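Data block below; observations after.
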2 protein chains.
Amino acid sequence: MARKSTSKETARKPNMREAILAAAEELFATNGFNAVSVRDIAHAAGANPGSVTYHFKTKDGLLLEIYRRHCGPMNLRRSELLAAAKRVRDLQDRLEAIVRAYVVPAFTSGSDLAGGGARFTRLRAVMSAEGNEVARKIIAQTFDDTSHAFIDAIHESLPHIPRTDIVWRSHFLLGALYYSLVTPDRVSRLSRGEADGSDAANAIEQMVQATVAAFQAPALDQAAPARRRAAASSKT
Amino acid sequence: MARKSTSKETARKPNMREAILAAAEELFATNGFNAVSVRDIAHAAGANPGSVTYHFKTKDGLLLEIYRRHCGPMNLRRSELLAAAKRVRDLQDRLEAIVRAYVVPAFTSGSDLAGGGARFTRLRAVMSAEGNEVARKIIAQTFDDTSHAFIDAIHESLPHIPRTDIVWRSHFLLGALYYSLVTPDRVSRLSRGEADGSDAANAIEQMVQATVAAFQAPALDQAAPARRRAAASSKT
DNA sequence: ATGTGATTTGTACTATCGTACAAAAGATCA
DNA sequence: TGATCTTTTGTACGATAGTACAAATCACAT
């Protein structure tokens with residue numbers, strides 16, 4: 001019952017609701033869910049605390065809406081890029097294109113607004129680390145399909161690698177992705193200023209290069225695990 | 001002024017202080033810093049909330065002590081393993097040994113107690129994601145030295161790869177490490193039950209295999225970046 | 001056993017949290 | 001203009017946060 005019908009569709013008034021969403025997204029992504037109060041968000045958005053309750057009912061509802069806003073467009077964008085990547089003929093190039101289709105939307109915003117982006121990916125990373133319940137549910141519902149699609153596509157490019165290995169390596173990719181967005185300054189520090197962790201384009205290239213090689217690594221021979229040293233179970 | 005001198009050194013009384021530390025470590029690693037209250041910790045440790053204040057003064061002090069307890073032994077253990085790895089003759093085997101020296105202490109506890117372990121690594125992952133101030137300071141002080149040592153060692157095994165690339169790939173390794181400990185269930189889910197994300201030994205092997213390959217990937221040719229598609233800067 | 005210092009308990013204080021709700025303000029159309 | 005709906009504001013409430021502190025308890029050397 002929000003909008004009836006003005007002369008123009010979806011009028012362009014300075015929307016408070018959007019400002020709250022943007023502020024919450026930024027604050028959650030930077031400091032986590034629990035460290036940020038509704039009052040912090042309202043203040044950052046130039047709004048009244050009660051206004052947050054009005055638009056989103058609860059703090060969880062606000063987080064939920066952030067996810068809702070992003071998930072659809074982001075997965076759509078990934079699907080499009082994945083479909084394009086699958087049409088690449090050369091197997092090596094195709095694998096690289098698939099990885100790129102997964103990584104790029106996580107680092108850059110899509111068309112107009114809300115097509116993914118670094119801030120939303122960072123938010124997901126933080127929520128994942130905090131074990132946030134709301135986030136966990138949405139991720140299981142929304143992201144597993146996309147992840148499976150990517151895993152299957154990679155598996156087709158590397159038929160000799162067991163699916164289990166592909167899953168592990170995809171997992172590592174996601175971890176690297178998350179961590180790169182959470183702590184970009186560490187790259188700058190460890191490289192003594194030679195690399196810029198905040199340079200998205202460079203981060204993407206580095207990640208694609210490294211990840212493609214990781215996927216192409218020989219399979220872990222599960223049948224003959226005795227070959228490797230049992231360094232994992234040293235004492236405890 | 002805690003201990004004077006009993007008949008035996010470091011008596012083995014059922015220490016409340018240790019119980020609080022253990023409970024806090026577990027709770028922080030699972031739920032983050034801000035989501036856990038001092039009362040939660042005290043309850044989990046079977047202690048009184050006031051007892052936490054007595055031993056650690058503040059909640060930050062408690063976190064600080066957790067780090068203090070682990071950092072020394074963990075980095076020592078890594079140094080030992082790294083020194084041993086550097087003595088490996090074959091370059092390929094040496095690289096694998098170095099990576100293993102970095103990964104193994106993060107997944108498994110050291111001798112007796114407090115030598116690292118999955119729980120502490122997970123704690124660091126969560127604190128990193130939350131942008132915790134206390135953790136950030138300690139990490140910059142304590143871990144960068146160790147990280148540089150590993151980066152240098154890897155660089156020596158791969159002299160033809162620029163140091164910047166090594167830094168990025170180390171960064172990805174740490175991200176993969178963190179994420180594997182934060183969300184092991186996702187591996188199980190995505191592999192449809194075929195892989196167990198909580199199996200540390202298997203996780204280590206997968207990680208070592210993938211990471212060694214990533215390090216060995218050809219260098220990113222910074223001089224000729226025009227060759228690659230500028231997919232990163234699509235629209236926004 | 002007894003006194004002394006270390007520890008644990010119980011309780012209380014203040015600040016801040018998420019949320020509710022009534023009143024004010026703004027917008028929209030007959 | 002006045003009626004009606006949406007949005008914003010202001011304020012308040014109960015719950016819980018971190019921490020302080022006095023009293024009770026424990027451990028142990030004398």
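Per chain, numbering begins at 1; letters A, B, ... match sequence-line order. Small disclaimer: the values here were computed from a predicted structure and weren't measured.
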Notebook entry, point to check: Among side-chain atoms of B:Asp40 and B:Ser37, is any donor-acceptor pair under 3.5 angstrom?
Noted result: yes

Check: Please give, in whole Å, the distance from C:dC17 P to A:Leu27 CG?
Finding: 12 Å

Next item on the list: Please list, chain by chain and in numerical order, all residues satisfying side-chain hydrogen bond (donor to acceptor under 3.5 Å, both in side chains) with A:Arg186, sequence neighbours excluded.
Entry: B:Asp144, B:Ser147

Item checked: Length of the line joining B:Asn15:CG and D:dA27:P, which is rounded to integer Å -> 12 Å

Next item on the list: To the nearest Å, give me how far apart CD1 (A:Ile41) and C1' (C:dC17) are.
Entry: 12 Å

Margin query: It should be established whether A:Asn48 places a side-chain nitrogen or oxygen under 4.0 Å from OP1 or OP2 of nucleotide D:dT8.
Written below: no

Check: Is any side-chain N or O of B:His55 closer than 4.0 Å to OP1 or OP2 of C:dT8?
Finding: yes

Notebook entry, point to check: Does the pair A:Lys57/A:Glu65 count as a salt bridge with the N-to-O cut at 4.0 Å?
Noted result: no

Next item on the list: Would you confirm whether A:Ser128, through its side chain, and A:Arg124, through its main-chain N or O, come within 3.5 Å as a donor-acceptor pair?
Entry: no

Check: In whole angstroms, how far is the P atom of D:dT7 from the CD atom of A:Glu18?
Finding: 12 Å

Notebook entry, point to check: How does protein reach along nucleotides 14-19 of chain D, written 5' to 3' as B (base within reach of a heavy atom under 4.0 Å), S (only sugar-phosphate), or - (no contact)?
Noted result: ---BBB

Next item on the list: Give a yes or no answer on whether the side chain of A:His148 reaches the backbone of B:Leu190 with a donor-acceptor pair at less than 3.5 Å.
Entry: yes

Margin query: Just the rounded figure in Å: distance from P of C:dG10 to NE2 of B:His43.
Written below: 14 Å

Item checked: Test side-chain contact (heavy atoms from CB on, under 4.5 Å) applied to A:Arg136 - qualifying residues, sequence neighbours left out -> A:Glu133

Checklist line | Spacing of B:Tyr54 atom OH relative to C:dT8 atom P, expressed in whole Å | finding: 7 Å

